[in-house]
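Below: the structure, in structure tokens.
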Amino acid sequence: MAEKYYDHKKIEFKWQNVWEKEKVFEADDNSAKKKFYGLTMFPYPSGQGLHVGHPESYTALDIIVRYMKMKGYNIMNPIGWDAFGLPAENYAIQQGVPPRETTQENIKNFTKQIKSLGFSYDWSREINTSAPEYYKWTQWMFLQMYKHGLAYKKKAKVNWCESCKTVLANEQVIDNKCERCDSEVLQKDLEQWFFKITAYVEKLLAGLDQLDWPEPIKLSQKNWIGKSEGAMLRFKIKDLRLKNKKEVYIEVFTTRPDTIYGATYMVLAPEHDFVVSLLKIKNQKSKIKNIAEVEKYITDTKKKTELQRTDLAKEKTGVELKGVKAINPANQKEIPIYIADYVMMTYGTGAIMAVPAHDQRDFEFAKNFGLEIIPVIKSEKQKTVLILHGTEGHSKKNWYPWLKDELEKQGFNVIVPNMPDSRNPQLRLWLKHLQKIIKEISGEFIIIGHSLGCPTALQFIQNNKINVSKLYLIAPTHSKMDWQQIEETHEKGQCECIKKVTNAGYDASQINQLVKEIHLYLSEDDTYIPFNVLKLFQDLKPINHLYKNKGHFNKSTRDMVEFLDLLDELTKQAYEAEGKMINSDKFDGLDNKTAMKKITKKIGGKMQTQYRLRDWLISRQRYWGTPIPIIYCAQCGEVAVPEKDLPVKLPEDVDFKPTGESPLKSSKEFHRVKCPKCGQSARRESDTMDTFVCSSWYYLRYANPNNDSEPFSQKLINKWLPVDTYIGGAEHANGHLLFSRFFTKALNDFGYLQFDEPFLKLRNQGMILGEDNQKMSKSKGNVINPDEVIAEYGADTIRVYEMFMGPLEDSKPWSTSGIIGVRRFLEKVWLVIGEWLDNNKPEDSSNDMEKLFHQTIKKVTLDIETMKFNTAISAMMILVNQMTKIKKFKQVNVEGLLKILDPFAPHISEELWEKVSGTGLICQQEWPVWDETKIVEEEVEIAIQVNGRLRAKIIIPIDLDEEKVFALALDQNNVKKFTDNKEVIKKIYISKRLVNIVIK
RNA sequence: GCCGGGAUGGCGGAAUUGGUAGACGCGUUGGACUUAAAAUCCAAUAGUAUUUAUACUGUGGGAGUUCGAUUCUCCCUCCCGGCACCA
């Protein structure tokens, strides 16, 4: 071999040229072979150029595609550019360079970079979403949606910066301020286009089951669609009639119509139609007694962004519509109406019936405003509160009956046993007695321990092993005492109580397992401290750990404060679960699920399904996107641009500087147009489409990219699609991936496609982090430039390294030293084969190499199928390490190694193939098959355990029978050491793995 | 707060899905070659004790199931990603 050293610079460009010249990777529309369509999410050609993350998914797919090609499939592996988008436009605003120019420049750069990595793309199918030849069909897609009623216009909010006079994308809003000028962002209503993705919710949900996608992605889409079943109910407004004398109703959606008897008020979103119209009409407006307050609340809400409004931590605000009442349709009771921003206009009807007893949000609101709380569902699970108090000498006596009374009002079952003095030796007997009582109680169990009742409570839980949902401990402590002092007091035995308590010996982990929620109240006291209760709590990590310092209260005042807090704590949650109906007239006693339908029927509501998913807003008040093909005519109204007039081209004579209007309006030539219907002068829609529209169908265009009479021909689309394997980031779960499914399903319904899912198999690649384990970013200075890596180590090295780093779907840090190992591996391949050639291909006489070759082929083949590329590479490394030792092998095995290496490192494989075989290209060879008979082991090493601990290893013939294996195992010196004079209870033999001898 | 993913030597990771934990690679240490360095090659490399043999500890922490747990169950801690009051 001429070149002794592996010089990637000499070979990589050479083979890239050969592949391109011979059109090796062009997909064949006419082949009879089975097709395989592999795809990665196409890149946005950003100014920064290729990132090391790009080659990761590209290499992974390239390996699969090259492998499938060698397996005999007709491959389609296309590439293109998601070329519309904000950065190019921002650059135009700053630098005055038209987006088309920057984009073209970036594509040129990306192309060069991607080509230098040697991927097997079919460049003849390259697409560019910003090219008129492409966006003509994006517009055509819009028209299909429009024709079928899936594209419509309505008002929606946009982020508006008053000082820049421009609409801002969500990512341009930082802290509710404009990223450019730092002034406050307002919400502004604009007429905007939507795609009715909500019409496909059921189909989108149903389709998920069939897909070979990562489960988290499927789940995420399911949650995103957010299906929930409930009822539509109508609430009448009291003493209010429309002009036509009809009564006024407000409709609400609820998932819990069963709770309607507990609906003690209504809440409307501030944007609700009823509120808006009420404030518009003068004589009705005057009905509202607190109109100024109401109007102020509404304007305040408008200033808030969605994010501020939906901050869960904030207290619930609202304002009553004084003077207007609603009627609860179940019991005809008058109830107040509130406006509050915790109700969103975008979900359901923008109005709710509030049931504070059974909805946590309503509950919190009701507490703030002192509204009535009526429980209408009783927990099927009984709630029992056991109050364990301290010695009789303590002054709490009066509080226990009070607390018992209050809790019973709330539906709790309360037990306050008459405690013996905890210093009393009878305690144990007493606990046993209590245990009997408790055994008969089922349901939720709450224990309150007070003072010396604390240790009793803990002991009780531990001894009885009952599951306690909540444990409250109210323990007195001295404000001046610290932990150490407490301990000292204890050790000196100064306090008898402490000593007694300590002797109980609690097991923190056991208690932790038995108790779901632990709350600890500590308060001032100068008597004694159940010391190890406190210490125990350090291990238990109580959920609510309250130190109280209430000043100079006397004891009973202090107790009152504690018990009020406790009561509040115990009843601070709404009961949201199932149960039996109460306070609901004739429905009382039914279980709530049965009542749900009956009540809905009785009050004339209808069961309905709601979805969280909203329609897809596709309008962008931007230049660098696909123009929406609509014309507005004074005569004919909204007119779709006829298909023959497509594409509606993006004009070049526009001003990019923000003016407050879509940039397209500044182009006269674009804006003013004749109406296609009546010929009168009209104006064009000046908004462009969300770039996600472009990427929702690009995978379809690859089937027939140069067709200029249709987006794709029937023959080709149904030949190539759907995509067999798709690789891309998981961040697109609820965006691109959902939109593409929607498009495919819609086009299937329109009759253009014979399939209704675009991507059969999906895999996500993880993120490549910087060496510091942080996301790569310019500001952190941890960005790795792939060009530099390619220049230094070669494309093959970066490809193999990125696959070797770890599992594809994991995120993992880059390691500059780690890549050296991969480079060494390729150098070894080069060297060992070069040497073998120089020595006239010496053959191996033993079978060892042969076996390893076949094992490796098997491992690599199976690993590619399951995308475990890191272990496939490791297997090849093992083989090559062995080869450098043996140095003699058969021609067929060397060829086999090169073939399995080819998908990973195609350039070096091609170069060595030329030298070893001399015929054809390696990427067009057949994938090698392993011979199972050559892999079979004759002997196997098995482990010998005694009681599950490894004591010896022996090598046995593979088919040795069990009895002989046991005999051998028991005969090992190190085994005898442990089994001598011991009774063997059990012997376990796991074939070809281990023996476990169980002794007494 | 909710949903999802994760935690294994100094580092990236492997482990046939309940069966010998640490494959492979990086790094480190020692040795060979060299005037020397780099490169390359060889050997060692989870920790502790020890003369090897071996023993003990060890897969974020705590419990449990099992002859046997990185793997299954429960509880907890921390990290990463997504979502935001969905009635």
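The basis for the numbers below is simple: all heavy atoms, side chains too, and nothing from hydrogens, waters or symmetry mates. So you know, we letter chains A, B, ... as the sequences are listed, proteins then strands, and number each from 1. These numbers were taken from a predicted model, which means no experiment stands behind them.
Residues passing the salt bridge (charged side-chain N to carboxylate O under 4.0 Å, His left out) test with A/Lys987: none are found, sequence neighbours excluded. For A/Glu792, the side chain to side chain contact (heavy atoms under 4.5 Å, CB included) test picks out no residue, with sequence neighbours left out. With sequence neighbours excluded, no residue forms a salt bridge (charged side-chain N to carboxylate O under 4.0 Å, His left out) with A/Asp273. The ring-ring contact (aromatic ring centres under 6.0 Å, His included) test applied to A/Phe825 returns no partner, not counting sequence neighbours. By the ring-ring contact (aromatic ring centres under 6.0 Å, His included) test, A/Phe966 is found to be paired with no residue, residues two or more places apart in sequence or in another chain being considered. A/Tyr297 pairs by the ring-ring contact (aromatic ring centres under 6.0 Å, His included) definition with nothing, not counting sequence neighbours. For A/Arg951, the salt bridge (charged side-chain N to carboxylate O under 4.0 Å, His left out) test picks out no residue, with sequence neighbours left out.
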Report task. Classify every nucleotide of nucleotides 8-30 of chain B by which part a protein heavy atom approaches to under 4.0 Å, writing B for the base, S for the sugar-phosphate alone and - for neither, in 5'-to-3' order. Result -> ----BSSSB--BB--BBSSS---
Can you pull every protein N or O that's under 3.5 Å from an N or O on nucleotides 49-54 of chain B?
none

Are there any protein N/O atoms within less than 3.5 Å of an N/O atom in nucleotides 69-71 of chain B, and if so, which ones and at what distance?
none

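Rounded to whole Å, atom C1' of B/rG1 lies 13 Å from atom CD of A/Glu576. Distance A/Gln882 CD to B/rC42 P: 11 Å, rounded to the nearest Å.
When all heavy atoms of A/Asp863 and A/Ala872 are compared, the closest pair comes out as OD2-N, 3.2 Å.
Not less than 6.0 angstrom separates the ring centroid of A/Tyr249 from the ring centroid of A/Phe235. If you look at A/Phe369 and A/Tyr265, their ring centroids are not closer than 6.0 Å.
More than 12 heavy atoms of other shown residues, nucleotides or ligands fall within 6.0 angstrom of atom NZ in A/Lys976.
Remark: the separation of the P atoms in B/rU17 and B/rA38 is 46 Å, to the nearest Å. Atom C1' of B/rG58 sits at a distance of 15 Å from the matching atom of B/rA49, rounded to the whole Å. Atom name C1', nucleotides B/rC67 and B/rG60: the rounded distance is 27 Å, in whole Å. Taking atom P in both B/rC26 and B/rC76, the straight-line distance is 42 Å, to the nearest Å. Taking the P atom of each, B/rU16 and B/rU54 are spaced 26 Å apart, rounded to whole Å.
Salt bridge A/Lys812/A/Asp810: absent, no basic N to carboxylate O contact under 4.0 Å. Taking a cutoff of 4.0 Å between a charged side-chain nitrogen and a carboxylate oxygen, A/Arg256 and A/Glu576 do not qualify as a salt bridge.
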Compile the donor-acceptor pairs under 3.5 Å between side chains in residues 799-807 of chain A and protein atoms, sequence neighbours left out, one pair per line.
residue, atom, partner, partner atom, Å
A/Arg799, NE, A/Phe904, O, 3.0
A/Arg799, NH1, A/Asp62, OD2, 3.0
A/Arg799, NH1, A/Leu117, O, 3.1
A/Arg799, NH1, A/Gly118, O, 3.1
A/Arg799, NH2, A/Asp62, OD2, 2.7
A/Arg799, NH2, A/Pro903, O, 2.8
A/Tyr801, OH, A/Ser815, N, 3.1
A/Tyr801, OH, A/Ser815, O, 3.4
A/Glu802, OE1, A/Glu56, N, 3.0

Query raised in the report: What pattern of brackets, bars and dots sums up RNA chain B from 5' to 3', given Watson-Crick or G-U wobble pairs under 3.5 Å, [ ] for crossing pairs and | for another strand?
Result: (((((((..(((......[....)))((((((.......))))))((((....))))..(((((..]....))))))))))))....
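Between B/rA84 and A/Arg361, no contact under 4.0 Å exists linking OP1 or OP2 to a side-chain N or O.
Residues A/Leu219 and A/Lys775 each lie close to RNA chain B; by heavy-atom proximity, the contact nearer the 5' end of the strand is made by A/Leu219.
Residue side chain A/Lys987 does not reach the base of B/rC67 through any donor-acceptor N/O pair under 3.5 Å, judged by distance alone.
A glycosidic torsion no more than 90° from 0 defines the syn conformation; B/rG31 lies beyond that range and is anti. In this structure, B/rU17 shows a glycosidic angle within 90 degrees of zero, which is the syn conformation.
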